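Report on the structure given below.
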Amino acid sequence: MTTTMHATAAKPAGMTSLRKTALVAGIFYLITFISIPTLALYGPLKNHRDWILTSGSSTGVLVGAFLEVIVALAGIGTAVTLYPVVKRQNEGMALGFVTSRLLEGAMIFTGVLSLLSLVSLRQGGAAGANAAALVATGASHVAVYNGTMLLGQTLMPCINALLLGTLMYRSRLVPRIIPVLGLIGAPLLIAAVIATLFGGDIGHVSALRAIATLPVAAWEFSLGVWLVVKGFKPSPITAGMTAADTASAYHDVTA
């Protein structure tokens, strides 16, 4: 009886499962930036209290809502894709990252639903209601959106940055300067969120809040670009996964 080693077809260099994971995660991160146009698309709705009484197309709001749905799903995708890798560094923190992304997505969906309800009311769903009641209802829907925007798309990315940034910094899966951006920016943005909450003007974007957002945005964008272009850096984590991936390319045949 003899045992012979047979190699299966080797995977092309750069197309290992680990490289594909980095590529997909990076693409998801970059997709999360497609909601930037909503700042302009939601302008008429947020800046005019009587928007619900006006006529005309609501296409801009609907497009913005669609973009935010994509962002929510892409954000969840980043966590699900990275979890098998970063859990090798710290499973508890990795699970926390997934949970925070899910919570962020849920808040985004809540905000989108409030705007879609407002569009329905504007298109005749509240026929017969007096103007003052409609304006008050519209203002409440916008307030719900502003609240979910502050907590979902401003506060939660800070929590994500602290969790994933720590995992990336310790594991050295990417250059350390990238997670440092998130680890520095997150506390600054959290402080800005707290100031906004206690300042009582949730819908207003202050200069402090806008400036504090930049490091966290730079962290997510640079992470996405790095993962797409370079992938994970060699580390003890990737070495173990690469070894397992290589071993699966061979099998024993007993004759």
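Only a predicted model underlies this, so the values are computations on that prediction, with no experimental measurement involved.
Remark: the Gln89 side chain and the Tyr169 side chain contain no N/O donor-acceptor pair separated by less than 3.5 Å. For the 3.5 Å distance criterion, the side chains of Arg122 and Thr54 qualify, holding a donor opposite an acceptor.
You'll find the side chain of Trp219 reaches within 4.5 Å of the side chain of Leu223, heavy atoms only. Considering only heavy atoms from C-beta on, Leu181 comes within 4.5 Å of Ser222 through its side chain. Side-chain contact check for Leu73 versus Phe109: some heavy-atom pair is nearer than 4.5 Å. Residues Met107 and Met156 have side chains in contact (heavy-atom distance under 4.5 Å, counting atoms from C-beta outward). At a threshold of 4.5 Å between non-hydrogen side-chain atoms, the residues Arg209 and Thr154 count as touching. Trp51 is listed as a side-chain neighbour of Val61, based on a closest heavy-atom distance under 4.5 Å. Between Leu102 and Ile76, some side-chain heavy-atom pair lies under the 4.5 Å cut-off. Side-chain contact between Leu163 and Ser100 is present, with heavy atoms from C-beta onward closer than 4.5 Å.
Met93 and Val80 fall into different hydrophobic clusters, where Ile, Leu, Val, Met, Phe, Trp and Tyr side chains are chained together by heavy-atom contacts under 4.5 Å. Using a 4.5 Å cut-off between side-chain heavy atoms of Ile, Leu, Val, Met, Phe, Trp and Tyr, with links allowed through other members, Val112 and Leu121 fall into the same hydrophobic cluster. Residue Leu39 is not grouped with residue Leu45 when hydrophobic side chains (ILVMFWY) are merged at heavy-atom distances under 4.5 angstrom, including chains of intermediate members. Hydrophobic clustering (ILVMFWY, side-chain heavy atoms < 4.5 Å, transitive): Leu62 and Leu113 are in distinct clusters. A single hydrophobic cluster is seen to contain both Leu103 and Leu151, as judged by linkage of ILVMFWY side chains at heavy-atom distances under 4.5 Å, directly or through other members.
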Checklist entry - Yes or no on side-chain contact (heavy atoms from CB on, under 4.5 Å) for Glu68 and Tyr42, after CA distance, side-chain angles and deciding distance? => result CA-CA 12 Å; Glu68 289 201 89; Tyr42 293 160; 2.8 Å; yes
Item to check | Stepwise side-chain contact (heavy atoms from CB on, under 4.5 Å) check, Glu220 with Thr32 | outcome: CA-CA 9 Å; Glu220 293 195 349; Thr32 61; 4.3 Å; yes
Item to check | Worked check of side-chain contact (heavy atoms from CB on, under 4.5 Å) between Ile108 and Thr148 | outcome: CA-CA 6 Å; Ile108 292 174; Thr148 57; over 6 Å; no
Checklist entry - Which is it for Ile190 and Leu162 under the side-chain contact (heavy atoms from CB on, under 4.5 Å) test, yes or no, and what are the steps along the way? => result CA-CA 11 Å; Ile190 289 174; Leu162 291 174; 4.1 Å; yes
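To the nearest 0.5 angstrom, Thr196 atom OG1 is 9.0 Å from Leu189 atom CG. For the atom pair Tyr83 OH and Thr21 OG1, the distance stands at 14.5 Å (nearest 0.5 Å). To the nearest 0.5 Å, atoms OH (Tyr29) and CG (Leu164) are separated by 4.5 Å. Here CG of Leu30 is found 9.0 Å from CG of Leu227. Values are rounded to the nearest 0.5 Å. To the nearest 0.5 Å, the span separating CG on Leu115 from NE2 on His141 amounts to 9.5 Å. To the nearest 0.5 Å, the span separating CG on Leu183 from CG on Leu188 amounts to 11.5 Å.
Environment of CZ in Arg176: crowded, with over 12 heavy atoms of neighbouring residues, nucleotides or ligands closer than 6.0 Å.
Listed for the Trp226 side chain is a donor-acceptor partner under 3.5 Å among the backbone atoms of Gly231. Asp50 places no side-chain N or O within donor-acceptor distance of the main-chain N or O of Leu53, the cut-off being under 3.5 Å. Judged purely by atom type and a 3.5 angstrom limit, Tyr145 has no side-chain atom pairing as donor or acceptor with the backbone of Ser140.
Closest approach of Ala25 and Thr78 over heavy atoms only: O-CG2, 4.2 Å. Shortest non-hydrogen contact noted between Ala186 and Cys158 is CB-O, 3.6 Å. Contact between Val228 and Ile27 at its shortest, heavy atoms only, is CG2-N, 3.6 Å. Considering all non-hydrogen atoms of both residues, Val71 and Ser35 come closest at CG2-CB, 3.4 Å. Residues Ala65 and Leu116 come closest through the heavy atom pair CB-CD2, 4.0 Å. Scanning both residues, Ser235 and Ser171, for their nearest heavy atoms gives CB-O, 3.4 Å.
Checked against the 6.0 Å centroid threshold, Phe33 and Phe221 count as a close aromatic pair.
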